[in-house]
Chemist: 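Sharing a structure with you now.
Numbers here simply count residues along the sequence, with the first being 1. The structure displayed is predicted, hence computed values, not measured ones.
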Amino acid sequence: MSQQKINLPAKLINGGIAGIVGVTCVFPIDLAKTRLQNQRPGQQVYKSMMDCLVKTVRSEGYFGMYRGAAVNLTLVTPEKAIKLAANDFFRQHLAKDGKGLTVFKEMLAGCGAGMCQVVVTTPMEMLKIQLQDAGRLAAQQQKPVMMSPTKLVVTNTMLSRSYNSGTVVSAPRAVSATQIAKELFRTQGIKGLYKGLGATLIRDVPFSVVYFPLFANLNKLGKPSPEESSPFYWAFLSGCVAGSTAAVAVNPCDVVKTRLQTLNKGSSEETYNGVVDCVSKILRKEGPSAFLKGAGCRALVIAPLFGIAQVMYFVGVGEYIIDNSPLRVHSA
């Protein structure tokens, strides 16, 4: 078994399983993060993460905390698989001399991984945010309603007419993630699903540049010897620490991305014409502290998500599945 070769199918399986397990565990906190980031001064529906979760359960039921989880679980498998496998792929090719990677090369590998993942991340986040934020809009209008786990309530204005309007109408209607995707594709083409691509790149590339080198070096500290792997609990802790650190570092970019990708606005919520316009309006109207909205939630989401991901990698679930599959997939 060569140390320099990676089993790409196994890495994809590991990343996919890690994504599903992690998202299932932390999705309610992610929902709270989205709703807190979208709040404007004077229109606060939620005071904190716990307040958001309690009010969500009261108004939307237990499954209200998993609003948008279906689309996230569907797309997180390729998203996490691409991110983690791409990082391994770039690290392998940057270490052709057989020596260890420098921090700069580790950052380059992370940068490549971040750029690859946005192909899936952007449309996934677009659809997820609309579903997650519907409850906040309903609460802001003081019209909380019970909704099924796969549905959301939005204003009755057609999506194609409400991107840049702050209009609030009285009659809500239920829309699924599939309907949102179809409407975006019909009215704006494929670029509709990639609204906020620039902001997603600005968030995910720096995240990967920080996360992967930090994890690799923290994990190295737990190795009994250079030839041995670190214990699984050390890999988990390293993933948690690196993930939460990177998450807080890029939280301002995440706030901008969330605002740009939110299609339906409250009664007096402003719209944005790109990243620069969004940053300037947030600074002018809400101050620098607005860029830290949801930072605690995001750290709590990312820490276990990447801790679990690294444990899945070290346990080698993907390798076990490949090795015991009747259709043995051979790695190059």
Side-chain angles (χ1 to χ4, degrees), residues 1-19 21-22 25-26 79-117 203-251 295 298-323 331-332:
M1 186 173 65
S2 173
Q3 290 289 99
Q4 289 297 92
K5 296 290 182 179
I6 62 170
N7 188 331
L8 193 56
K11 296 296 185 186
L12 293 172
I13 292 171
N14 285 333
I17 294 174
V21 174
C25 293
V26 302
E79 191 250 5
K80 282 290 175 287
I82 289 171
K83 184 187 190 82
L84 296 171
N87 180 67
D88 277 350
F89 176 81
F90 288 122
R91 286 177 71 91
Q92 177 194 341
H93 283 273
L94 287 169
K96 287 183 177 179
D97 56 2
K99 298 177 182 178
L101 290 175
T102 62
V103 173
F104 178 71
K105 286 187 175 181
E106 288 178 333
M107 292 172 71
L108 277 181
C111 178
M115 293 182 72
C116 289
Q117 78 171 90
R203 181 197 69 171
D204 288 348
V205 171
F207 177 92
S208 294
V209 166
V210 173
Y211 171 78
F212 285 111
L214 182 56
F215 168 77
N217 286 282
L218 286 174
N219 191 51
K220 195 183 297 180
L221 296 175
K223 292 183 176 182
S225 67
E227 294 77 26
E228 296 181 77
S229 296
S230 59
F232 79 93
Y233 68 85
W234 189 268
F236 175 78
L237 290 174
S238 298
C240 288
V241 172
S244 58
T245 302
V248 173
V250 303
N251 194 74
R298 183 161 163 76
L300 287 174
V301 168
I302 297 297
L305 192 61
F306 279 87
I308 291 167
Q310 296 302 340
V311 169
M312 287 292 176
Y313 256 47
F314 278 80
V315 170
V317 176
E319 286 79 1
Y320 177 83
I321 292 173
I322 294 296
D323 290 342
S331 60

Chemist: Indicate yes or no: at least one non-hydrogen side-chain atom of Val210 is less than 4.5 angstrom from one of Val250.
Modeler: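 No - every pair of side-chain heavy atoms lies 4.5 Å or more apart.
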Chemist: Kindly give the heavy-atom pair with the smallest separation between Ile13 and Ile322, and that separation in Å.
Modeler: CD1-CD1, 3.8 Å
Chemist: Can you tell if the side chain of Gln117 reaches within under 4.5 Å of the side chain of Glu79, non-hydrogen atoms only?
Modeler: yes
Chemist: Between atom CZ of Phe104 and atom SG of Cys111, what is the distance when rounded to the nearest 0.5 Å?
Modeler: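 It comes to 9.5 Å.
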Chemist: Looking at every heavy atom in both Arg298 and Ala247, which two are closest together, and how far apart are they?
Modeler: NE-O, 3.6 Å
Chemist: Donor-acceptor check, side chain of Asn217 to backbone of Pro213, threshold 3.5 angstrom: yes or no?
Modeler: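 Side chain of Asn217 to backbone of Pro213, a donor-acceptor pair under 3.5 Å: yes, one is there.
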Chemist: What closest approach, in Å, do Ile308 and Cys25 show between heavy atoms, and which atom pair accounts for it?
Modeler: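 What the structure gives for the nearest pair is CD1-SG, 4.4 Å.
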Chemist: Step by step, would you call Ile302 with Ser244 a side chain to side chain contact (heavy atoms under 4.5 Å, CB included)?
Modeler: CA-CA 6 Å; Ile302 297 297; Ser244 58; 5.9 Å; no
Chemist: Do you know the tightest heavy-atom contact between Ala113 and Ala86?
Modeler: CA-CB, 3.9 Å
Chemist: If you measure from OG1 on Thr245 to CG on Leu218, what distance do you get to the nearest 0.5 Å?
Modeler: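 These two atoms lie 7.5 Å from each other.
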Chemist: Heavy atoms, side chains only, cut-off 4.5 Å: are Val311 and Val21 in contact?
Modeler: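 Val311 does not reach Val21 side chain to side chain.
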Chemist: Treating Trp234 as the side-chain partner and Lys220 as the backbone partner, does any N or O pair qualify as donor plus acceptor under 3.5 Å?
Modeler: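 No; zero donor-acceptor contacts below 3.5 Å.
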Chemist: For a side chain to side chain contact (heavy atoms under 4.5 Å, CB included) check, start with the C-alpha distance between Phe89 and Cys116, then their side-chain angles and the critical distance, and finish with the verdict.
Modeler: CA-CA 11 Å; Phe89 176 81; Cys116 289; over 6 Å; no
Chemist: To check you understand the geometry: which heavy-atom pair defines the closest contact between Pro304 and Ala299, and what is its length?
Modeler: CD-O, 4.4 Å
Chemist: Supply the atom-to-atom distance Asn219 CG to Lys223 NZ, rounded to the nearest 0.5 angstrom.
Modeler: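 Here the interatomic distance stands at 6.5 Å.
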Chemist: Where is the tightest heavy-atom contact between Val205 and Met115, given as atom of each residue plus distance?
Modeler: CG2-CG, 3.6 Å
Chemist: With rounding to the nearest 0.5 Å, note down the distance linking CE in Met107 to CG in Leu214.
Modeler: 11.0 Å
Chemist: Can you list the residues that meet the ring-ring contact (aromatic ring centres under 6.0 Å, His included) rule with Phe207, with sequence neighbours excluded?
Modeler: Tyr211, Phe306
Chemist: I need the Leu108 CG to Asn87 CG distance, nearest 0.5 Å.
Modeler: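 Rounded to the nearest 0.5 Å, the CG-CG separation comes to 11.0 Å.
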